[in-house]
Amino acid sequence: MPQANRMNRDPSDVMNNDTTAVNDGITLNNGTTDDNATHIPVPHGLDDLEVREWLESLDSVLESSGSEVATEILERLRAHATVSGIDLPFTANTPYANTIPARLEPLFPGNQELERRIKSLIRWNALAMVVRANRVEHNIGGHISTYASAATLYEVGFNHFFRARTDEFEGDTVYFQGHAAPGIYARAFLEGRISAQKLENFRRELKPGGGLSSYPHPWLMPDFWEFPTVSMGLSPLMAIYQARFARYLEDRGLKPATDAKVWAFLGDGETDEPESLGAITLASRERLDNLIFVVNCNLQRLDGPVRGNGQIIQELESAFRGAGWNVIKVLWGSEWDPILERDTEGLLVKRMGELVDGEYQKLVVESGAYVRQHFFGSDPRLLQLVEPLPDEALRRLRLGGHDPRKVYAAYKAAVEHKGRPTVILARTIKGYGLGEAGEGKNVTHQQKKLNEEELQEFRSRFGIPLNDQDCIEVPFYRPAEDSVEIQYLRARREALGGYVPQRSVRSQPLVADHDELFNEFYEGSEGREVSTTMAYVGMLRKMLRDPEMGKLIVPIVPDEARTFGMESLFRTVGIYSSSGQRYQPVDVNTLLYYKEAKDGQILEEGITEAGSMASFIAAGTAYATHGINTIPFFIYYSMFGFQRIADFIWAAADSRTRGFLLGGTAGRTTLSGEGLQHQDGNSHVLALPVPNLRAYDPAFAYEIAVIIQDGIRRMYKDGESTFYYITLMNEPYAMPAMPGEVKDGILRGMYKFRASENKKSKLRAQLFGSGSILREALQAQDILEQKYGVAADVWSVTSYKALYTDAIETERWNRLHSGEPPRVPYVTQSLADAPGALVAATDYLKTLPSMVSKWMPRRLAALGTDGFGRSEGRQALRNFFEVDARFIALAALHELQQDGKIEPGVVTKAIKDLGIDPEKPNPVTS
Ligand SMILES: Cc1ncc(C[n+]2csc(CCOP(=O)(O)OP(=O)(O)O)c2C)c(N)n1
Ligand SMILES: [Mg+2]
């Protein structure tokens, strides 16, 4: 121990300086760089000897009593310092060093040399794939440098950790960094799973025989990729909820508990996306030790350094540690170990913490002499440490993320860690091995072409058995089937259960038709006023009780269950909580108390539509991931769906997610009072681009029943890769009984709901309504008939998207089969005998009905809610947006006038009689 009198003499000096060293003196807790921190003057009176004594005494405690005792002493010292009035700066950082010291590294279990050769071949083929593709098709793109930096991170995983999905074991789940796809393909090529032809057609998927998608896309390669990852930031968040969903399935008894892991590989630049770190506290709160993040810290993103003036690794460490994660830094390769061992004073670690990332990047591209002068040259004692090493050796001091032994140690520690998720921060070089062609350079992300010399250099660097001439052709190279490399690679995968990634549907389809569940809703509410939301909740309640599918239902809600009248489900099926309910709920004495339970069924996600969507994706793809047909019903405030998390919905579509999205409180004028932010007139338009999404805007309970029943059949019996968006409203009204055989029309997008009884009138109109606006059309029908003698039929348009999809498909078929009798779009067929004016009113943008008007027999007047919402009641809103019964009637009269069927004076009078202000503000622009 240091002498007591020294400590008494000036403890604050010692502690301050010591803490600064541990903090590495550069990254503050908020991740910013303090310029002064790098130059903290040595406090007066502190000499090196004193520091050395403290360090030595810690070493001796470590040696004699182990790290737990050493930690305890440091904790007490810190507490003592605090009560002694020393203001210790907060930091969640550890020094800029490997978390696992060399002496605690496990033995590397593989054949390192063989693994290196395999990895080199994969590097070559990944590069060849991109270079060849761009030779054939200029600017087809692709990325070399991301995989070049991540190769070791993946290969250690493939050879030692990633377990495949088998009949006996569910397997690990891996999210691959999107831009590293060439490396994953190149490995599959060596494994014999992807042909050279396919490799040749990387990024040219439309070539005969098919190609390979640019990035991971299950939609395009459904037997290979499981998860889309290339929209940055989505995969870390999806991985967290994936890991949590695995626990949910276990806690509910839907699958056995296993030690399967979820691995997510991400870029350091990617962590700037708010979604990347947005849910990390959920992972620690839920103690997801089945989750491992690997951040490829090559310190670069697309344009340049991630944190040129700071340290991204320290910043991430502090964020993850602060959030309660187990953080493992893999910064330095084995070559550094003997140097670090010689550094008894901690000068080297201190120096390592001093450089900003921009400086580190420069060291990568510079010579050994430069490294000596600019890195070690800051202190003669550091220079002394590396004196025996020639310049070339200094250049070859590898980073941790390129050293399989270090990476293996980190992965092993991660899979064995209990109680917390782990993040591995691995330092690498972007474009590793590309040399002059881009290693560590700012342009490396975009590098797709190498000249002859660069190719030869890369070939030599990684020992690819190709001569100078062959090499410049950049051929794919696969050693013979019986070569040691292929044998080894196959054996490793066999030991880990098979190949990864691999996607297959492994669930059993549902068997029953479930008519009995839905029949009740065909009857109507017998005059009782209910909203479509209430009707839906009633359906959900019944489905939850169904013997076959009840347990498979996953209700998901982001803190809106009460809004949607779902609170009765709290009690009946419980809210999922991995720790059960450790408190007595405040409302325990009420019937509908807030019941949390370990086997609770509802995923009450709190206020995170993104997180809820990630749960939706996990549950909706469990048929492939886990072989379990879970059926997610995710209900949310409709404005916060497509508008807010459309990219997750796109990822769900790509992932072949099945399930039901329910946009609650939908419709710009149907949601009263909430105003501009909440009133949704957009979502049905934003749902249009998602190809495999069926979007419905139903008005009545029986329509919802028909749609959900059909959805369950399609997705869970017939295995269709489709999913649903259904808008629900909170406007109460009597639900009518289903008027005859209209199921087919409901599903295809429209059906006649109420025909006019007036068969004699020459003035005719067809009114199209959807959702609660359908009731306005029904009122308009009465106005037209009673006041103006116009006989109008009313149609419920349940899905403009379905009408549109059918029409463009039919039109296309006709164009391609011009010699054959033309087919007729469903909307045209439906309106074959529908005379008179055509008027559509929707609670969404006018473009929705307008987009199908060209397949209607005549001109269409479209009313909709373009513009910003207002805080008001429904009636005033429908007047403001001009979608109420009066405006529908007016539109019909105006159409008839245009057709010369009625006099203009009738319309002018109607405007007055209906109380419409012709000079009212335009809702679109006001
Ligand atoms: C949401 C989103 N924004 C932008 C991009 C375009 N993009 C692709 S790669 C890249 C840089 C990636 O940097 P990093 O995450 O550090 O990965 P690295 O390639 O360095 O491993 C960018 C900006 C994207 N794919 N997704
Ligand atoms: Mg990067």
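Order of listing sets the numbers, starting from 1, for every ligand and every atom in it.
Heavy atoms from other residues, nucleotides or ligands lying under 6.0 Å from CZ of R135 number more than 12.
In this structure, a donor-acceptor pair under 3.5 Å is present between the side chains of K329 and T94. If you check the side chains of E605 and S615, you find a donor sitting under 3.5 Å from an acceptor. For Y175 and Q242, the side-chain atoms include at least one donor-acceptor pair closer than 3.5 Å. One side chain, H160 or E115, offers a donor N or O that lies under 3.5 Å from an acceptor on the other. Using modelled atom types and a 3.5 Å distance limit, the side chains of S231 and Y215 yield no donor-acceptor pair. Donor-acceptor pairing under 3.5 Å is lacking for the side chains of T428 and N298.
With S145 contributing its side chain and T444 its backbone, the two residues share a donor-acceptor pair below 3.5 Å. For N134 (side chain) and K449 (main-chain N/O), no donor-acceptor pair under 3.5 Å exists by modelled atom type.
Within 4.0 Å of ligand 1, protein heavy atoms belong to T146, Q177, H179, V230, S231, M232, G267, D268, G269, E270, E273, N296, N298, Q300, R301, L302, K430, H445, listed by chain and number.
Around the Mg ion (ligand 2), the protein contributes the following N, O or S atoms under 2.8 Å, ordered by chain and number: D268 OD1, N298 OD1, Q300 O.
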